[in-house]
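Contents: one structure, followed by commentary.
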Amino acid sequence: MSNILTSRKQDYAQWYNDLILKGGLAEHSDVRGCMVIKPYGFALWENMRDVLDKMFKDTGHQNAYFPLFIPKSYLSKEASHVEGFAKECAVVTHYRLKNDPNGNGVIVDPEAKLEEELIVRPTSETIIWSTYKKWIQSYRDLPLLINQWANVVRWEMRTRLFLRTAEFLWQEGHTAHATREEAIEETVKMLDVYATFVEEYMALPVIRGVKSPSERFAGAEDTYCIEALMQDGKALQAGTSHFLGQNFAKAFDVKFADKDNKIEHVWATSWGVSTRLIGALVMAHSDDEGLVLPPRIAPLQVVIVPIYNKDAEARQKIDDKAKALVKELQLKGIRAKFDNDDTTRPGWKFAEYELRGVPVRIALGARDLENNVAEVARRDEKTKSSVSLDGIESHIAQLLTDIQTNLYNKALAFRTENMRTVDSWDEFVRVLDETPGFVSAHWDGTAETEAKIKELTKATIRCIPLNNVQENGKCILTGNPSTQRVLFARAY
RNA sequence: CGGGGAGUAGCGCAGGCCGGUAGCGCAUCUGGUUUGGGACCAGGGGGUCGCAGGUUCGAAUCCUGUCUCCCCGACCA
């Protein structure tokens, strides 16, 4: 029974699927490409959401909500935007069903065709900017700093649980500013919020950077991103922040009067992270025994497993101690649970909580009580130690901090190890195949070269790191002059 | 959209070639013994075999059609 997961080595993709399904995070729904997020997975999302929401509010943003449906014509108002999203939009064409006259359930009522078809939002720029037009007249209405938590739909050809699903949950920030500089500042600020969140809460180091033009968001002037490295050496874009220039302001005619009563288009940004972060989290830290969750966002941080025996009196003592301990841990703000379910035995619980990635497990039996100790096991290193019950709460609190740090350090060490600098095409190809990870190399800056490299190696430019060192070199593929290195990787 | 796989009990699967009482493991329910790494014994319950046609005395099994999901590729957060 112990080998219920496919190992990473055996089949990384299958391992990931097993983890999501058996770890109780999500499952496939009856609708193709859509998933059901189960309570444990949703608890993870809620924790992420709560932290991010506070960070957004602390940086001056307010939440609002815009419709799920967008008039089809809105999408086409910004040329590159429609081009980017048109291929993956779900479209609502009718508003009513009726009983099939032939008796085969219900059919779409042909009489109920919509005058203008609606698309299910793949992102909300268009509906939001058509609204902002009404909200913004003067420089005094700026900056406008709005975020929304929502679901969006992108009709993907190929989906993977959390990493790419047809419907997903996310937040999208949409801001309007009086000046270009201020909008860029906002773009970078929110990228920084994402980076801080992912590094400090998810214990996952990221690289902040700018996308190459061909990887840009449809309608943006610049797309900033944070990129993380997964255990199989593939990169994953964990968040994006876009400087939209005046593209949407012009498309939707959003203008304001500045202090000199001059009429100008506003400057815009948008930024988002999604439930994809859960996929990143899973792939970054977990192992062949199951999930490994960083304490700061783990739904459950500590579980106490009782080890009973026949002695009813001893059992009572264990219960009393465990309940008192849970209470004390909770007083310290620790998410703790006493699992006294008597229908499963200790060994089963050990395996189950390991599968679910609970950071700390405390086992408490009669023998421990006699010695005034508990067995404390940490999920990240799979080590156990005997800890005195006196002041154990402080020990656990410290341990959770240590685990958080350890996970980050391990992920950072892994990324450092798998970040390679190469200067020749042969080496580039060899490194990608033999030791996947980020590859820092010179690129001549043309979309043609970028596309050719992708075609030949499946590697894409993940980003041009912020504050990138400028150095002269030769493009890895063409040998043309280059002024800086960019980061390549195969990516999710 | 191409290539592969799969739909049989809640879950995982066998059975199919060769048509004849629908089976196994896990889970579940009852009772008991247990409890320091996925316990054991005994007894019980649970299935329109994806759907629709056809062949046949008889179809999970053969034939035709159809739907769905998953995996691998091209597109993408």
Side-chain angles (χ1 to χ4, degrees), chain A residues 1-6 11 13-14 16-18 21-22 27-35 83-89 104 122-123 152-172 194 211 214-218 223 225-228 235-242 270-280 289-290 305-312 314-315 318 339-355 361-371 373-375 377 382 384 386 454-455 458 460 462 491-492:
Chain A
M1 280 301 287
S2 61
N3 251 342
I4 62 170
L5 291 177
T6 307
D11 184 344
Q14 191 56 45
Y16 175 80
N17 272 331
D18 282 2
L21 297 171
K22 291 174 177 161
E27 62 190 37
H28 294 285
S29 73
D30 293 342
V31 183
R32 190 211 328 210
C34 294
M35 64 176 168
E83 195 185 326
F85 286 106
K87 287 170 294 188
E88 48 186 19
C89 285
N104 296 320
T123 178
V152 288
V153 168
R154 296 180 187 175
W155 215 262
E156 300 289 349
M157 293 176 191
R158 187 151 134 56
T159 59
R160 291 195 67 188
L161 291 168
F162 286 115
L163 297 176
R164 179 165 296 105
T165 45
E167 179 192 14
F168 57 96
L169 305 184
W170 76 346
Q171 57 68 218
E172 45 181 324
Y194 289 153
K211 287 290 186 191
S214 51
E215 296 270 335
R216 244 177 231 154
F217 175 75
T223 286
C225 63
I226 50 173
E227 293 282 331
L236 185 141
Q237 179 177 303
T240 50
S241 182
H242 315 290
S270 70
W271 28 274
V273 294
S274 72
T275 35
R276 183 181 228 207
L277 284 179
I278 294 176
E289 269 68 50
V305 175
I307 315 292
Y308 297 129
N309 56 28
K310 278 182 287 192
D311 186 349
R315 184 192 179 99
I318 293 168
D339 184 353
N340 62 348
D341 178 358
D342 206 15
T343 63
T344 56
R345 299 166 80 259
W348 192 91
K349 290 176 185 172
F350 291 174
E352 183 65 15
Y353 287 111
E354 272 163 18
L355 178 61
R361 181 187 73 234
I362 302 175
L364 204 56
R367 221 162 61 207
D368 299 309
L369 287 187
E370 279 166 28
N371 298 318
V373 296
E375 182 193 79
K382 282 185 291 187
K384 295 189 242 191
S386 190
K454 182 178 177 183
E455 186 194 321
K458 294 204 165 94
T460 50
R462 300 321 301 155
Y492 278 99

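Convention: sequence-line order gives letters A, B, ...; per-chain numbering from 1.
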Check your understanding: What does A:Ser274 touch in the nucleic acid at a heavy-atom separation under 4.0 angstrom: a base, only the sugar-phosphate, or nothing?
Key -> base

Across all chains, not counting sequence neighbours, the salt bridge (charged side-chain N to carboxylate O under 4.0 Å, His left out) partners of A:Arg345 are none

When the P atoms of B:U8 and B:C69 are compared, how many Å lie between them, rounded to an integer? 15 Å

Rounded to whole Å, CG of A:Leu369 lies from P of B:G36 at a distance of 16 Å

Closest heavy-atom pair, A:Ile307 versus A:Pro346, reported as atoms and distance to 0.1 Å, is CD1-CB, 3.6 Å

Closest of B:G38, B:A77, B:G37 to the A:Trp348 side chain is B:G38

Considering only heavy side-chain atoms of A:Tyr308, the closest of B:A77, B:G37, B:U35 is B:U35

**OP:** Check every strand shown and say whether A:Leu163 touches a base, only sugar-phosphate, or nothing at a heavy-atom separation below 4.0 Å.
**Re:** base

Base-paired stretches in RNA chain B with three or more consecutive Watson-Crick or G-U pairs, both distances under 3.5 Å, amount to B:1-7 with B:67-73, B:10-13 with B:23-26, B:28-33 with B:39-44, B:50-54 with B:62-66

From the list A:His242, A:Lys211, A:Arg216, side chain to side chain donor-acceptor pair (under 3.5 Å) with A:Thr223 holds only for A:His242

Notebook entry, point to check: Does any N or O donor sit under 3.5 Å from an N or O acceptor when you compare the side chain of A:Asn309 with the base of B:G36?
Noted result: no

When rounded to the nearest Å, what value does the distance between C1' atoms of B:A27 and B:G45 take? 13 Å

The answer to which of A:Thr165 and A:Glu352 contacts RNA chain B further toward the 5' end, by nearest nucleotide, is A:Glu352

Touch check for A:Ala366, heavy atoms < 4.0 angstrom, all strands: base, sugar-phosphate only, or nothing?
-> base

Per atom distances to the A:Ile307 side chain, the nearest of B:G36, B:U34, B:G38 is B:G36

- Message: Could you tell me how far B:U28 sits from B:C72 if I compare only their P atoms? Round to whole Å.
- Response: 32 Å

At 4.0 Å (heavy atoms only), tell me whether A:Glu156 reaches a base, stays on the sugar-phosphate, or touches nothing. base

Looking only at atom C1', what distance separates B:U55 and B:G12, rounded to whole Å?
34 Å

* Asked: Would you call A:Leu355 and A:Lys22 a side-chain contact if the rule is heavy atoms closer than 4.5 Å?
  -> yes

query: Under 4.0 angstrom, heavy atoms only, what part of the nucleic acid is A:Lys349 near: base, sugar-phosphate, or nothing?
result: nothing

From CG of A:Leu277 across to C1' of B:A77 the rounded distance in Å is 10 Å

B/S/- along nucleotides 67-73 of chain B (protein heavy atoms under 4.0 Å) is --SSSSB

Of the candidates B:U34, B:G37, B:A77, the side chain of A:Lys384 sits closest to B:G37

Is it true that a side-chain atom of A:Ser29 and a backbone atom of A:Cys34 form a donor plus acceptor pair closer than 3.5 Å?
-> yes

Discussion item. For the backbone of A:Gly272 and the side chain of A:Tyr194, can you confirm whether one donor and one acceptor N or O come within less than 3.5 Å of each other?
Written reply: yes

Q: Apply side-chain contact (heavy atoms from CB on, under 4.5 Å) to the pair A:Leu21 and A:Leu161, showing each step before the final yes or no.
A: CA-CA 9 Å; A:Leu21 297 171; A:Leu161 291 168; 4.0 Å; yes

Among the nucleotides B:C75, B:G36, B:U34, whichever has the atom closest to the side chain of A:Lys87 is B:C75

Does A:Phe217 reach a base, just sugar-phosphate, or nothing at all? Heavy atoms under 4.0 Å. nothing

Sorted by chain and residue number, the salt bridge (charged side-chain N to carboxylate O under 4.0 Å, His left out) partners of A:Arg160 (sequence neighbours excluded) come out as none

To the nearest angstrom, the CZ-P distance between A:Arg345 and B:A27 comes to 13 Å

Here the distance between atom C1' of B:A77 and atom CD of A:Glu172, to the nearest Å, is 12 Å

In terms of heavy-atom contacts, A:Leu163 and A:Arg276 come closest through O-NE, 3.0 Å

Considering only heavy side-chain atoms of A:Asp342, the closest of B:C75, B:G36, B:U34 is B:U34

With a 4.5 Å heavy-atom cut-off, do A:Glu156 and A:Thr165 have their side chains touching?
-> no

Residue set satisfying salt bridge (charged side-chain N to carboxylate O under 4.0 Å, His left out) with A:Arg361, at least two apart, ordered chain then number -> A:Glu354

Per nearest nucleotide of RNA chain B, the residue lying toward the 5' end, A:Lys454 or A:Ala377, is A:Ala377

Atom NZ of A:Lys22 and atom P of B:C26 are separated, to the nearest Å, by 16 Å

query: Which whole number of Å gives the distance between the P atom of B:A6 and that of B:G44?
result: 35 Å

Here the distance between atom P of B:A77 and atom CH2 of A:Trp155, to the nearest Å, is 18 Å

Across all chains, not counting sequence neighbours, the salt bridge (charged side-chain N to carboxylate O under 4.0 Å, His left out) partners of A:Glu88 are none

- Query: If we take the C1' atom in both B:C67 and B:G31, what is their distance in whole Å?
  - Reply: 46 Å

Quiz item: Distance between the P atoms of B:G50 and B:A22, in whole angstroms?
Solution: 15 Å

Atom CG of A:Leu364 and atom C1' of B:G36 are separated, to the nearest Å, by 11 Å

Taking the C1' atom in each of B:C17 and B:A60, what is the distance between them to the nearest angstrom?
14 Å

Taken to the nearest whole Å, OH/A:Tyr492 to P/B:A74 is 14 Å

